[in-house]
Asker: 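Have a look at this one.
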There are 2 protein chains.
Amino acid sequence: MQKTGQPTINDVARLAGVSKKTVSRVINRSPLLNGDTRKRVEDVIGEIGYIPNPQARGLALRRNFLIGLVHDNPNAQTVMNVQQGMLEALRGSEFEMVVRPLDRGSATMLQDLRHFLERQRLFGVLLMPPISENDSVAALCDSIGCRYVRMGSVALDDTDHMVASNDREAVCAATDYLIAQGHRRIGLVGGPHGFRSARERRLGFEDAMANAGIPLPRSMIADGNYTFDSGLVAAERLLDLTPRPTAIFSSNDEMAAGVIHAARQRGLDIPRDLSIIGFDDTPIAAHVWPPLTTVRWPMTSMARSAALKLIAGEDGMPAEVEEPSLFLSTLIRRASVAPPQASPAATAATPSDDPS
Amino acid sequence: MQKTGQPTINDVARLAGVSKKTVSRVINRSPLLNGDTRKRVEDVIGEIGYIPNPQARGLALRRNFLIGLVHDNPNAQTVMNVQQGMLEALRGSEFEMVVRPLDRGSATMLQDLRHFLERQRLFGVLLMPPISENDSVAALCDSIGCRYVRMGSVALDDTDHMVASNDREAVCAATDYLIAQGHRRIGLVGGPHGFRSARERRLGFEDAMANAGIPLPRSMIADGNYTFDSGLVAAERLLDLTPRPTAIFSSNDEMAAGVIHAARQRGLDIPRDLSIIGFDDTPIAAHVWPPLTTVRWPMTSMARSAALKLIAGEDGMPAEVEEPSLFLSTLIRRASVAPPQASPAATAATPSDDPS
DNA sequence: TTGTAAGCGTTATCAT
DNA sequence: ATGATAACGCTTACAA
């Protein structure tokens, strides 16, 4: 035992009457080792509670046991779910997770990231959207020799470097559901320009409307920036229309909460006067009144797979993990959707496929 | 430059025509150094983009540049705010943050933590509530020689080892506000047993009622476990009372959201028929309908101070940072509180201090 | 003010 | 199958 309290490999070697290297072999599960010696060493290790020092190990191996999580503060719940997924994958491995928020807007963002990566010499990083959508970020990781996996709402890279959800199809299906309920005048509260997710969700919405042969005037689309307030403002614009929409798809839950507020401020009843669907299935969706029908994407599983891709071949993990790259979202039906009211000017087009 | 690509201290030394040690002195800002030499070395460092290797540094210094965040998944927003505060404090320093969720319920929780700390040899940890309330956790850190700072809703330790909010007083003030509005029949949705925060908040509530001379029958208190559903159930119990409460203080926002749902399901209007106050000021508070009056505690600032305490004296930080240990919460007044309706059986006591 | 030698705890190389 | 020896990149003695 050294003064630091923690026993070192030398202590083990001395006590077991072998060389450091032998102990090292035991630690690293070298196959060419006498069963006896191994046993003896393992016993000593157990007795004195020896734990290899990751710093020394990392130095000798010229590598590092840290995995970075790089994000640009999307909503808190998403980040937490991703952290949880990563940690699940890393659990039991020798890797730890270090978190690095970045300011997407900042001019020095790329520099900051480079500094971080070069300084810490991270083993790899998990890139969360929307930063993950930035190709130069991925290129930077590559050039520095830092592994990476990107999370996105659409395939952003080859399967070894990304996990993706199918936002476009999921929104299309959600909109189909609205249409199946009898809605024709459906508004879209879109996400911010430059966000791939916003684009995919909008495309999905347009797909559904086009498939149903419903014209989609530009006025039925109002963009927000994924915040509550922007959702409220966008909804006001939409609800000012005459005739006003009977349903609104919001590109995330937080904006959907804003839509609900806007509707409520006008005395509109949800879902009687207005149906609403959100996206993300954050806790807010279930806690809002009425509970919000929304699209759930498997962020935790995606993060877990992403992390597993990162450490594939390391630390006893199978060299070629075949983790999935594409993940499916599902529509969570709650109470914010109902067939449209038979109000004047409503069923202008086809009074057909009107369920229940 | 080595094969790894990154230049090392040797490269700098060679290029600058000095010894490693001199470069080391430059890096560590040693005072006894010829200005010329320093300049020359610094130039070389800048030119080749040398960055000291934290692993090697840590090994030589027998220390580590990682700060742990240990938590037991309270709500996501709280964890995110704390992470943000920590990161603000660590920004620009050589420290990184590694996150470690723990399962408070698990029998092996203490062992898990010990393993984590011994393996990683963390420089220090920030303990979030409710794990921070566990004295054996702090004792464990101590015994391992890992610095720690605890976050809590009341002073849990000496000022070097904790940051605390004043939950009791804050809840007392919030309840006073309800009383000042004219409420007399006020219910409490309490937090789970074993949580210090739950206890403090309840005490604050009782303080206010006692100060106002309002009797507080046991039936006016229903405990939940800080979740939406438990808040809903607790509220149902309270609202079943005859006469029913005209106001409810909920020990956190998530349960308050459950209270709102319960009230709405009975056709009660908020705040006309029922006033509600929550605690935490999570995003949910502002996004619920009506916007929730709630108590905000400065978690980000607390986390920042906690992290600064942790690294006091290190990395160029002043040796004796006098970071505050006690933090004040504030009541955020929104739309969920109003004077009680003049309904039958209501103003039994004093029809006095009735504002607005 | 600067350099030399030794060491931090581990692994790779090359013997034996 | 096992062990000396030299790294890994940096810092602390201790000299000069």
Side-chain angles (χ1 to χ4, degrees), chain A residues 1-42 44-45 48-65 94 118-121 123 314-315, chain B residues 1-42 44-45 48-65 94 118-121 123 314-315:
Chain A
M1 307 261 187
Q2 306 297 89
K3 53 208 63 173
T4 136
Q6 298 257 30
T8 79
I9 198 172
N10 290 305
D11 299 314
V12 179
R14 186 163 28 78
L15 262 38
V18 298
S19 76
K20 296 160 73 160
K21 185 59 208 177
T22 301
V23 179
S24 172
R25 288 204 175 89
V26 172
I27 296 171
N28 296 289
R29 300 195 195 76
S30 163
L32 24 65
L33 248 179
N34 186 334
D36 273 0
T37 354
R38 153 165 296 134
K39 177 86 174 62
R40 186 147 34 96
V41 173
E42 278 172 345
V44 174
I45 290 183
I48 68 176
Y50 164 71
I51 304 177
N53 180 331
Q55 306 217 90
R57 232 159 103 62
L59 181 57
L61 289 166
R62 278 175 275 320
R63 54 206 276 326
N64 180 119
F65 297 102
E94 52 195 342
E118 288 186 336
R119 188 172 216 325
Q120 294 303 136
R121 294 157 166 82
F123 179 79
E314 301 296 317
D315 193 52
Chain B
M1 306 262 187
Q2 308 295 90
K3 54 207 66 171
T4 137
Q6 298 256 30
T8 78
I9 199 174
N10 290 305
D11 299 313
V12 179
R14 184 163 29 78
L15 262 38
V18 297
S19 75
K20 293 161 73 162
K21 183 58 212 177
T22 302
V23 180
S24 172
R25 290 204 174 88
V26 173
I27 296 171
N28 296 289
R29 300 196 196 75
S30 162
L32 23 66
L33 248 179
N34 186 335
D36 274 359
T37 343
R38 154 165 295 134
K39 177 86 175 62
R40 186 148 34 98
V41 172
E42 278 172 347
V44 174
I45 290 182
I48 68 176
Y50 164 71
I51 304 177
N53 180 330
Q55 305 218 91
R57 231 159 104 61
L59 181 58
L61 289 166
R62 283 178 239 22
R63 54 208 275 327
N64 181 119
F65 298 102
E94 51 197 342
E118 287 187 335
R119 188 172 213 326
Q120 294 303 136
R121 295 155 164 82
F123 177 81
E314 302 296 318
D315 194 54

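Residue numbers start from 1 in every chain, and the chains themselves are labelled A, B, ... in the order their sequence lines are given, proteins ahead of strands. Computation of the quantities below employed the complete heavy-atom set of this structure, encompassing side-chain atoms and omitting hydrogens, waters and symmetry-equivalent molecules. Quick caveat, the model's predicted, so the values are computed rather than measured.
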Asker: Considering only heavy atoms from C-beta outward, does the side chain of A/R62 approach that of B/Q55 to under 4.5 Å?
Answerer: no

Asker: Under a 4.0 Å N-O cut-off, is there an ion pair linking B/R14 with B/D11?
Answerer: yes

Asker: Could you check how far CZ of A/R29 sits from P of D/dA1, rounded to whole Å?
Answerer: 19 Å

Asker: Restricting to non-hydrogen atoms, name the atom on B/I48 and the atom on B/P7 that form the minimum distance, rounded to 0.1 Å.
Answerer: O-CG, 3.5 Å

Asker: Check every atom of C/dT11, D/dC10, C/dT10 against the side chain of B/P52 and return the nucleotide holding the closest atom.
Answerer: D/dC10

Asker: Rounded at 0.5 Å granularity, tell me how far CZ in A/R40 sits from OG1 in A/T37.
Answerer: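 Atom-to-atom, A/R40:CZ and A/T37:OG1 are 6.0 Å apart.
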
Asker: Roughly how far, to the nearest 0.5 Å, is CD of B/E118 from CD of A/Q6?
Answerer: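 That separation rounds to 5.0 Å.
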
Asker: How far does the helix from C/dT1-D/dA16 to C/dT16-D/dA1 bend, going by the axes of its first and last five pairs, to the nearest 10°?
Answerer: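 Between the axes fitted at each end of the helix from C/dT1-D/dA16 to C/dT16-D/dA1 lies an angle of 40°.
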
Asker: Using atom CZ of B/R40 as one end and atom P of C/dT1 as the other, report the distance to the nearest whole Å.
Answerer: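 These atoms are roughly 15 Å apart.
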
Asker: For B/L33, report the nucleic acid contact type (base, sugar-phosphate, nothing); a contact means any heavy atom under 4.0 Å.
Answerer: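 Sugar-phosphate contact only - B/L33 comes under 4.0 Å of backbone atoms but never of a base.
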
Asker: Base, sugar-phosphate, or nothing: which does B/V18 touch, judged by heavy atoms less than 4.0 Å apart?
Answerer: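 If one applies the 4.0 Å heavy-atom cut-off, B/V18 turns out to touch the sugar-phosphate alone, with no base involved.
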
Asker: What contact category does B/L61 fall into here, base, sugar-phosphate, or nothing, at under 4.0 angstrom with non-hydrogen atoms?
Answerer: sugar-phosphate

Asker: So, OP1 or OP2 of C/dT2: does either fall under 4.0 Å of a side-chain N or O from B/N34?
Answerer: yes

Asker: Expressed in angstrom and rounded to an integer, what is the separation of A/I45 atom CD1 from C/dG9 atom C1'?
Answerer: 14 Å

Asker: Whole-Å distance between C/dC8 P and A/R57 CZ?
Answerer: 19 Å

Asker: Let me know the distance between CZ of B/F65 and P of D/dG9, rounded to the nearest Å.
Answerer: 17 Å

Asker: Which comes earlier along DNA chain C counting from the 5' end, the contact point of B/P31 or that of B/L59, where each point is its nearest nucleotide?
Answerer: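 Nearer the 5' end of the strand: B/P31.
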
Asker: Side chain of A/K20 only, please: which of C/dG3, D/dT12, C/dT10 is the nearest?
Answerer: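 So the side chain of A/K20 is nearest to C/dT10.
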
Asker: Can you find a side chain N or O atom of A/S24 that sits less than 4.0 Å from OP1 or OP2 on C/dT10?
Answerer: no

Asker: From CD1 of A/I48 over to P of C/dG9, roughly how many Å is that when rounded to an integer?
Answerer: 13 Å

Asker: In this structure, how many angstroms lie between the P atom of C/dC8 and the CD1 atom of A/I9, rounded?
Answerer: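 My rounded result for the distance is 13 Å.
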
Asker: Please compare B/T37 and A/N28 by the position of their nearest nucleotide in DNA chain C and report the one closer to 5'.
Answerer: B/T37

Asker: For the backbone of A/D36 and the side chain of A/N34, can you confirm whether one donor and one acceptor N or O come within less than 3.5 Å of each other?
Answerer: yes

Asker: Tell me whether the side-chain N or O atoms of A/K21 pair up with the base of D/dA4 as donor and acceptor below 3.5 Å, since no angle test is needed here.
Answerer: no

Asker: If I take atom CZ in residue A/R25 and atom P in nucleotide D/dG3, what distance separates them, rounded to the nearest angstrom?
Answerer: 8 Å

Asker: Hey, which sits more toward the 5' end of DNA chain D by its nearest nucleotide, A/L32 or B/Y50?
Answerer: A/L32

Asker: With a 4.0 Å limit, can you tell me whether A/S19 has a side-chain N or O closer than that to the phosphate oxygens OP1/OP2 of D/dT2?
Answerer: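 No, because none of the side-chain N or O atoms of A/S19 sits under 4.0 Å from OP1 or OP2 of D/dT2.
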
Asker: Considering non-hydrogen atoms only, spot the tightest contact between B/V26 and B/R38 and give its length.
Answerer: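 So the two residues come closest at CG2-CA, 4.2 Å.
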
Asker: Does the side chain of A/R119 reach to within under 4.5 Å of the side chain of B/P54, using non-hydrogen atoms?
Answerer: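 When only atoms from C-beta onward are counted, B/P54 and A/R119 do touch, with a gap below 4.5 Å.
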
